[in-house]
Amino acid sequence: MSSPIGRVPGRLNSHGQRPDVADTGGRRQPSAHDPTRAEDLSRTAVRTGTRSRATRERILQAARDELAGSDRLTVRAVAARAGVSRQTIYYHVRGLAGLRAALAPSQGAAATAPADTRERILEAAVRVLSRPGTPAGIDEIAAEAGVTKGAVYHHFVDRRALLRAVAERVTPVDEILAALAATDGLPDREALVVLLRAYHAAIAARAELVRNLVIASSRDPELLATLTEEMVGRGAPSLLGWVAERMARGTLRPVEPALVLQALFGAAWTPIVFGPHLFDAIRRIGGRPVAEVAEDYVDLFLNGLSAGR
């Protein structure tokens, strides 16, 4: 019998076999350098890649289907619709943000002018929301802007985020905070006149939109909540702090600070919301809107606030 060395040239393992031959039963196992093994690996990679792409497309289609029936998108809902785990979605699209980005059309085009697209969507949302009686979902806003729902979600994670951006644009918080900064060092009377006039000017400049949003928010709880949060959540703390500081100095009588803001700004807000007909009615009885007599209104207002009274 010839030696294994004579039959199998090259290095042998401890069983007298070449390294690419199995130690059990003499069955040959392809090595990493074996052409057959490389071909198997290649076919496996192709199959794996195909399955991965198919899974990713199933996830994206599930997201599209989910958006077709709702303005909200969640990883849980998409996973259930696609028949995959949430971990699978995170693996393929890196969660909700990645899902929104994958749904957005023409990523190359969006990358060239994202600010322009965002602004167009925001302006469209303002127009749609300012039309009383018109549905104001993501579908309507996307159509008004001339983009897809995916593009809207690329810039705003959900409808609430879009409404928040609208609220930032239409509520007069920035103007009031700027006026508040300008009152530093002013006596109470002059400071309150500055705040009242700034508030009225800001509301009057967007009067029609304000009226329409008030009407729309009566049928849209999410819009109402978002507008309220923007005004109260971002603007009120600074104003309340300003009032509380003046009370602490002893120049204003200590009362509930929120009442001060409601009494001061309410007189300017009401005529704007009711519209020009209310202004006309006030003038017909010989009256003048509060903005035209701001000093008199503040004097009347201060009669109940003056620390010396």
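The side-chain heavy atoms of T55 and I59, taken from C-beta on, include a pair separated by under 4.5 Å. Side chains of R197 and E295 form a contact here, defined as non-hydrogen atoms less than 4.5 Å apart. In this structure the side chain of W269 reaches within 4.5 angstrom of the side chain of V210, judged on heavy atoms. In this structure, the side chains of F265 and L239 come closer than 4.5 Å at one or more pairs of heavy atoms. You'll find the side chain of I203 stays beyond 4.5 Å of the side chain of H200, heavy atoms only. In this structure the side chain of M247 reaches within 4.5 angstrom of the side chain of V260, judged on heavy atoms.
For R120 (side chain) and A145 (main-chain N/O), a donor-acceptor pair under 3.5 Å exists by modelled atom type. Between the side chain of R253 and the backbone N or O of L302, no donor-acceptor pair lies under 3.5 Å. Side-chain atoms of T228 come within 3.5 Å of backbone N or O of L224 as a donor-acceptor pair. Formation of a donor-acceptor pair under 3.5 Å by the T183 side chain with backbone atoms of L186 is not found in this model.
For the atom pair CD1 (I138) and CZ (F156), the distance works out to 9.0 Å, reported to the nearest 0.5 Å. Note that CG of L129 is 10.5 Å distant from CD of E144, once rounded to the nearest 0.5 Å. Note that CD of E245 is 13.0 Å distant from CG of L240, once rounded to the nearest 0.5 Å. The structure places CZ of R58 at 10.0 Å from CD1 of I89, a figure rounded to the nearest 0.5 Å. The CG atom of D65 sits 5.5 Å away from atom CZ of R81, with the distance rounded to the nearest 0.5 Å. In this structure, CG in D116 is found 12.0 Å from CZ in R118, a value given to the nearest 0.5 Å.
Under the side-chain contact (heavy atoms from CB on, under 4.5 Å) test applied with T226, the options D220, L163, T171 reduce to a single match, L163.
Checked for salt-bridge contact, E140 and R127 miss the test: no charged N lies under 4.0 Å from a carboxylate O. Residues D188 and R249 are not paired through a salt bridge, judged by the lack of any N-O separation under 4.0 Å between the basic side chain and the carboxylate. At a threshold of 4.0 Å, the pair R206-E175 counts as salt-bridged, since one of the basic side-chain nitrogens sits closer than that to a carboxylate oxygen. Between R160 and E229 there is a salt bridge, since a side-chain N of the basic residue sits under 4.0 Å from a carboxylate O of the acidic one.
Q61 and R64 share a donor-acceptor pair across their side chains, judged by distance under 3.5 Å alone.
The two residues V166 and A125 make their nearest non-hydrogen contact at CG2-CB, 3.8 Å. Contact record, L196 with A268: CD1-CB, 4.0 Å, taken as the closest heavy-atom pair.
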Check step by step if side chain to side chain contact (heavy atoms under 4.5 Å, CB included) holds for V298 and E190. CA-CA 9 Å; V298 168; E190 286 81 355; over 6 Å; no
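Residue pairs meeting the ring-ring contact (aromatic ring centres under 6.0 Å, His included) criterion with at least one partner in residues 233-256, sequence neighbours excluded, are absent.
Counted within 6.0 Å of CD on E208, heavy atoms from surrounding residues, nucleotides or ligands total 12 or fewer; the atom is thus considered open.
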